[in-house]
Amino acid sequence: VTATRDIALVDLVDRLLDGGVVIHGDITLAVADVDLLYVGLRALVASVETMEREYGMKPALRGGL
Amino acid sequence: MLYAYAITGPVGPPDIEGLGGAPLRAVGHDVVAIVSEHHELPLRAEPEDLWAHEAVVEAAMERGPVLPMRVGTSFPGEAELLGVLRGRAREFRRALARVDGAVELGIRAVLDLAPSENGTPAAGAGPGTAYMLGRLERVRAAERMAAAIHEPLAALAREATWRVEAGQPPRLAGAYLVDRSGVEAFRERVTELEDRRPIAIVCTGPWPPYSFVAEEER
């Protein structure tokens, strides 16, 4: 499971960023904080994907979660 | 502020702690939001925080259908949250019914094309044309390969969505809304598809139905 945890993290972040119920309007607080959070999440995914490219994704891919 | 994790039917909050150890509350009546109270945004872009957020949504999912919130959703107070729940109650009830009894499964696969599919230059074509034709053929081959994985899986799902991410090699990312009772059969089909090609397909989940909460089809 540890080996696939990074892959699962990419899947989770994908879902957190692009999925879920969106509330429109000015009602939500901390807009700047959320923007920062999103920047951080994209950086997190990019770093995991770079690791996959450098070390190979295949061994970690087997097994599922 | 109230930090919101998910919308559920009229069930209580899960018996775990929210982000930063904050207690969870259920706000609303018929359609309910699971929230915790904070002074500032409690979530950082760190794996521990993301998994803690996810744990709340998954715990809520054990009690009935859930609609996960887009990450980072927060409200100044109960009045604003209740206003949203009231205003969109009909949509949320419909969305909860749509995902009731189902979970989301994700797959990822690296579309490693065989050399023969990797774009053979056409005889007599100039270098620019050959390059473009080769590239087009690679895109088509990746799409065929993706469809050969996606379609047998989509047949086991209530709903499905997929995309091919460009890259060398391209990758397939798919999401499937599957009845809870069908999770094992889905995973078995993933294994069959891996053996047939062979190709490595990672199957993650069960997830809350992040990819199946939007009002319209995507």
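We name chains A, B, ... by the order of the sequence lines, and we start the count at 1 in each one. In this text, all values refer to a predicted model and were calculated from it rather than measured experimentally.
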Quick one: do B:Glu104 and A:Arg15 make a salt bridge, cutoff under 4.0 Å? yes

Where on A:Leu12 is there a heavy atom nearer than 4.5 Å to chain B: the side chain, the backbone, both, or neither? both

Identify which part of B:Ala175 has an atom lying under 4.5 Å from any heavy atom of chain A, answering side chain, backbone, both or neither. both

With chain B, which of A:Val22, A:Leu37, A:Val13 has the greatest number of heavy-atom pairs at distances under 4.5 Å? A:Leu37

What pairs with A:Arg42 under salt bridge (Lys or Arg N to Asp or Glu O under 4.0 Å), at least two apart in sequence or on another chain? none

Residue part contacting chain B, namely of A:Val39, when any heavy atom lies under 4.5 Å: neither

Is B:Arg108 paired with A:Asp14 through a side-chain N to carboxylate O contact shorter than 4.0 Å? yes

Got a list of side-chain donor-acceptor pairs under 3.5 Å for residues 17-25 of chain B, not counting sequence neighbours?
from	atom 1	to	atom 2	distance (Å)
B:Arg25	NH1	B:Glu37	OE1	2.9
B:Arg25	NH2	B:Glu78	OE2	2.4

